[in-house]
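What follows is a single structure, written as structure tokens, with notes after it.
Here the structure is a predicted model, which is why all the values come from computation and not from measurement.
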Amino acid sequence: MATTELDTLLTRETLPTFASSQSFTRGRRYAANGRVHSLFREGERIAADVAGREEYHVEIWAEDNKLHYACDCPIGSGGDFCKHCVAVGIVWLEKGDALGAAPIERARPTVTMEDVCAYLRSIDREALVDMLVQQIHKDAGLREELLLRVARSTESGPDIGTYRKAIDRIVPHGYIEYAAAHEWSTSMSRVLDSLQDLIDDGYANDAMGLIEYAVARLDETVGQIDDSGGNVGGELVRIPKLYLRACKVAHPVPGELAKRLFDWTMTLAYSEYFDFLHELPSYESVLGDKGQAALLALASEQWEQLPALGPGSSEEGYNPSRYRITRLMEAIAGATGNVDALVAVKSRDLSHDYSYLTIAQIYRKAGRYDEALDWAERGRKAFPQDTDERLLEFLIEDYHRRERFEDEMDAAWQRFTDKPTLDGFQYLEHDASRTQTWPKWREQAWQFLRDRQKDPKSTSGRRYWYSATPEIVKVLLYEGRNDEAWNEAISASKGNEIGQDLWIQLAGRRAEAQPDDAVRVYRAIAQSLLENASSGNYEHPVELLRKCQEILAPVGRRDEFLQLVGTFYAEFRRKRNFIKLLEKEKWL
């Protein structure tokens, strides 16, 4: 059989490269479990159905020396080579879940899709219509698509009533579970595709009205859909773009369009889906100067009613109106490219130190570096304690660029004392090393850590949610002072300050010099995990026992290890999944 383009592109070597490792592993399992059926090939295209959470249809084809693929599952619809595509590819190559098997010659089906097409062309027109009508009664999606096609092509123009009914049918009436959300998004896509065709056919005004109707209906109910897979949002975000496309053809009255965009921004419950602000720069061409001025006037009237917020002041609770009008004013200012106008909007709310940082970033992006630094310094002065770490980072980097090293280290020291953790220690080391002052700051940092360990209240009254001792242990390990870290942890163990992950890290450092200490740690943590484990959560304890084996077996103490395993078996033999893992390791 001659090698085709598809055979060249889809091979045992290339198949794993199309999918993530997780999708490939799951797809291989699907193939081995016989979930792929109705597999056939037509030219350079293969297709099959895969039984997953639902029945999914997969197509893989070669075109222009490139492999293309499609699956109607949530992951595949997003453009990824999903586990269903993997399963179909594996079955087509007839490998099961073994990668090494070579593909065998694939026999041509007795009846192909070419034969089906030839048959359909040969039968009587009325018989073909009867066959299609029967299928229409069974297939709601096909029925909906044909209704919209007919509504679009009537002699008197589009049948708007049919379009409205199609929109009404996709409006949720009750909660839509995750499993049904994909089907809903497919229906939504069908309606939006038809509206796009309507615009292309020259009925942009009608399409605008229908989109406005759809937004009004869906905003009331879209929250009833479980959009964990992202398909619902993926369709709804098409609406602002589709509306813009209609506006470019229909040329609506600028003032009326401005009012509509303003009302949508301020009133839609699910504006994150119908995000017209994201498309606002593109709407400038249809708004024109008059429309943009009208939109600004509407926004400014409400904007001026907002009180300015400074450090220490805030509104009680979340204010959605403030959030919306602020986003709108930012979008308007951003669309003009006027940096000062955007800063004026941002500076209306200076109740958080991050507000100062955003303004500093705006000025830095515009190349106005002195103003950027001024705003960053104002933010630190307004919030002198527990300053936002990102604001301090901005200052540190700007001071270093200006070779203001004392100021750089002053900000770096505050970042450490605000967050005296291993990360904070490492950041301080980085900053002090490039100013060649690390020995001085290292000594000062260690003194701070020890003072805080002795008396947490001694560190300028700051309140931390974590204990000092574990961070000291981590820093000791970072510096390679393993024995000191171990002793520090032992002295703190009565207070339960050292978590399991840190103990495991300590044991790993201890294993070579003091193997019995490491084994005791691994054993104790495995014991604790098993005592509190839910059914099936036994991989971690087994991994810890494996660490014990790696310590004991090489030095002739395998019997001691097996005795340890026997102890665990005797105590936890009722946990059958755990015992199965022990048997799999051949320890029993």
Output the distance between atom CG (L502) and atom CD (E471), rounded to the nearest 0.5 Å.
8.5 Å
Checking T469 against Q453: is there a side-chain donor and acceptor pair closer than 3.5 Å?
yes
Does NZ or CZ of R415 come closer than 6.0 Å to the centre of the six-membered ring of Y427, within 45° of the ring's axis?
yes
Taking R324 for its side chain and T265 for its backbone only, find out whether a donor-acceptor pair lies under 3.5 Å.
yes
Can you tell me how the ring of F448 sits relative to the ring of W413, calling it parallel under 30°, perpendicular over 60° and tilted otherwise?
perpendicular
Measuring from atom OG1 of T421 to atom NZ of K474, what distance do you get when rounded to the nearest 0.5 angstrom?
7.5 Å
Counting neighbours of NE2 on H400 that are heavy atoms of other residues, nucleotides or ligands and sit closer than 6.0 Å, is the number greater than 12?
yes
Has N487 got a side-chain atom pairing as donor or acceptor with D483's backbone, closer than 3.5 angstrom?
yes
Any luck finding a side-chain donor-acceptor pair between E531 and Q527 under 3.5 Å?
yes
Between F425 and W438, how do the two ring planes meet: parallel, tilted or perpendicular, split at 30° and 60°?
perpendicular
Supply the atom-to-atom distance L544 CG to S528 OG, rounded to the nearest 0.5 angstrom.
10.5 Å
Between S20 and S23, a side-chain donor and acceptor under 3.5 Å
yes
Would you call the rings of Y243 and Y283 parallel, tilted or perpendicular, where under 30° means parallel and over 60° means perpendicular?
tilted
Modelled atom types, side-chain donor and acceptor of Y522 and E550, under 3.5 Å:
no
Regarding T17 and T14, do their side chains bring together a donor and an acceptor under 3.5 Å, going by distance alone?
no
Any sub-3.5 Å donor-acceptor pair from Q414's side-chain atoms to P384's backbone N or O?
yes
Identify the residue among D353, D388, D410, T387 that makes a side chain to side chain donor-acceptor pair (under 3.5 Å) with R380.
D410
Geometric cation-pi criterion R481 and W446, 6.0 Å radius, 45° cone:
yes
So CG of L350 and CZ of F383: to nearest 0.5 Å the spacing works out to 8.0 Å
Distance only, no hydrogens: is a donor on one side chain within 3.5 Å (strictly under) of an acceptor on the other, for Q505 and D501?
no
So, E429 versus Y478: side-chain donor-acceptor pair below 3.5 Å or not?
yes
Closer than 3.5 angstrom, by distance alone: can the side chain of S433 be matched with the main-chain N or O of H430 as a donor-acceptor pair?
no
